[in-house]
Participant: 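Could you have a look at this structure, given as C-alpha cells, before my questions?
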Amino acid sequence: MAEEAEKIRRETGRVLGRFSRKRGNLIPILQKVQHRLGYLPREAMLEIARFLDIPEIEVYGVVTFYNQFRRNPPGKHSIRVCLGTACHMKGGYITLDAWKRRLNIGQGETTADREFDLDTVACVGCCTMAPVTVVDDKPQANVEPTRVDGILLAFEREREKKHKENRESS
Amino acid sequence: MKTVSLTIDGRKIIAEEGTKLLWVALDNGIYIPNLCAIRSSPEPAAACRLCFVEVAGKEAPVTACTETVAEGMVVNTRGKKALRLARSAFELLMASHPVDCAGCPANRSCELQKISGHLKVKLKTKRLRTLLRELPIDDSHPLFTYDPNKCVLCGRCLWVCRQQLGIGVLGFAHRGFQRVVTTFADEPLGQSRCQECGDCIAVCPTGALSFKDSAKPAARAVKI
Ligand code: SF4
Ligand code: SF4
Ligand code: FES
Ligand code: FES
C-alpha cells in the first residue's frame, strides 16, 4: 500500500511538472495522470487541485462527469456491459445486475483482488448479438445471467490451471 | 447610470441598461418563477427553464434570466406559450422530488411551493410518472442536514460557498440523472472543510439544506 501511495505521488508529480498552473490544464493533466496510473486515485485528485489552486470538488466534478475517467484501479479483466438500445431492449440491464451481484461490486468499480473491473458501454456495433458484454475487449454474444456464470467459471478454471502449473514447476 | 424604459405586464418601468429582465421584474414586485438565477454571477446558468416570458416581436418565449432589457421592450410574464414551457419544466422537476411538505423543514418558505402556486401546477404532478432518486440523507454535520433528494440543482449553495466565501466545499458531481450537489469524493459533510457559516442553508430555495432543530439560528438573509 505504501508502495502504491509512493507511486501515485511520484507519477502525479511527474505529470504536474510539465504543466503550468492554469485551470484550463485540468483535463489534460487528468488524462496524463490516468495514463500513467491506470486510474485517478483520491490522492492524485487532491494533489492536482492543490497544484491548480481550485477546490478539490471541482476536480471531482470533472472526473465524475466524463466517462473516460476512472476512479478505481483497472482489474486484470475488464467487463463492459453494453447498454446500447438493442442490448437494453434485450435485457442488458439484467445482465449488468448479474455481473454486479456475482462480482459484488458496482458500476465503475474493481473487485478487491483486482481481478475484475466492471463498467457499461453504449453500443459496440454488434447489436445482432445482443445482449453483449465485452470481456477483455472481446464482445461476447447473448450474455444472459447464466452466461455470466459461465464466463466467470471459465476464468476460475484458468486460474486454477495456472496455479497448478506454478506449483508443479516449482 | 443609463436607463431604458420598458413595459412588463402593462406596467411602465425604468431600468438600468444592461440588466437582465428577471431582476428588473423582481425588483419591481413582478414575480417570475426562477431557481438557478444568481444575481452576482456573470453568466446565467439558465438551467431550470422556469423563467420563461414572452417579449413582443419575438416568436418564441425567452428566459428572463438571460434576456437583457431594451428600450421600448414589451414583456408579458403571463403569456400562454411561456407558461406552458415553465409548467412543463416544473412538472419534470417535481417528477423526481419527494413531496412531503408537512414533514419538511422548508414548509411554507419553500420556493417550490411558491412556484407551484404561481404556475397553478400541483407539487405532485399527475401528468408524469414519478421517478425518485432515493439518495441517502447526509446527517453527519452537527449543525445541518443535507437531503439530496430535495435538491433542485440550482447551484446557489455552491455559489456562496465558493464565490462569496472562497471555501468551495460543495460542488456538482456525476452526470445525468445521477447529478448531485456533493463534496469531494462524496464524503459526509461532517468530515469536510465546512466552516459552518450556514450561508448555503440561507440561500437554498428548498428543504435540501436545513438546520438541525437544535442548531437553528435566527433567520438571516444572505444576498447572492
Ligand atoms: S422542498 Fe419544498 S416542495 Fe419539497 S417537500 Fe420540502 S417544502 Fe415541500
Ligand atoms: S442544496 Fe439547495 S441551494 Fe444547493 S443546489 Fe440543491 S436546492 Fe440549490
Ligand atoms: S446495442 Fe449493444 S451492441 Fe449495439
Ligand atoms: S432562472 Fe432562468 S432558467 Fe433558471
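Side chains included, hydrogens not; waters and symmetry mates left out as well; all remaining heavy atoms used. Sequence lines set the chain letters: A, B, ... in the order given, protein chains first and strands last, and positions in each chain run from 1.
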Participant: Could you please state which residues from residues 175-182 of chain B sit under 4.5 angstrom from chain A, measuring non-hydrogen atom to non-hydrogen atom, sorted by number, or 'none'?
Facilitator: B/R175, B/R179, B/T182
Participant: Do any of residues 89-106 of chain A come closer than 4.5 Å to chain B, heavy atom to heavy atom, and if so which ones, in number order?
Facilitator: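 Those residues of residues 89-106 of chain A which would need a heavy atom under 4.5 Å from chain B do not exist here.
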Participant: So with a 6.0 Å cut-off around CZ of A/R157, is the heavy-atom count from everything else above 12?
Facilitator: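 12 or below, so no.
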Participant: Is B/L158 in contact with chain A via its backbone, its side chain, both, or neither, using a 4.5 Å heavy-atom distance?
Facilitator: neither
Participant: For chain B, which residues from residues 31-62 of chain A have at least one heavy atom closer than 4.5 Å to it?
Facilitator: A/R42, A/M45, A/L46, A/P55, A/E56, A/I57, A/E58, A/Y60, A/G61
Participant: Are more than 12 heavy atoms, taken from residues, nucleotides or ligands other than B/E59, located less than 6.0 Å from that residue's CD atom?
Facilitator: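 No, not enclosed.
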Participant: Please indicate whether B/Y31 has more than 12 foreign heavy atoms, meaning atoms of other residues, nucleotides or ligands, lying under 6.0 Å from its OH.
Facilitator: yes
Participant: Should we count CZ of B/R129 as having more than 12 external heavy atoms under 6.0 Å?
Facilitator: no
Participant: How about residues 123-155 of chain A versus chain B: which residues have heavy atoms under 4.5 Å apart?
Facilitator: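 If one takes a 4.5 Å heavy-atom cut-off, no residue of residues 123-155 of chain A lies near chain B.
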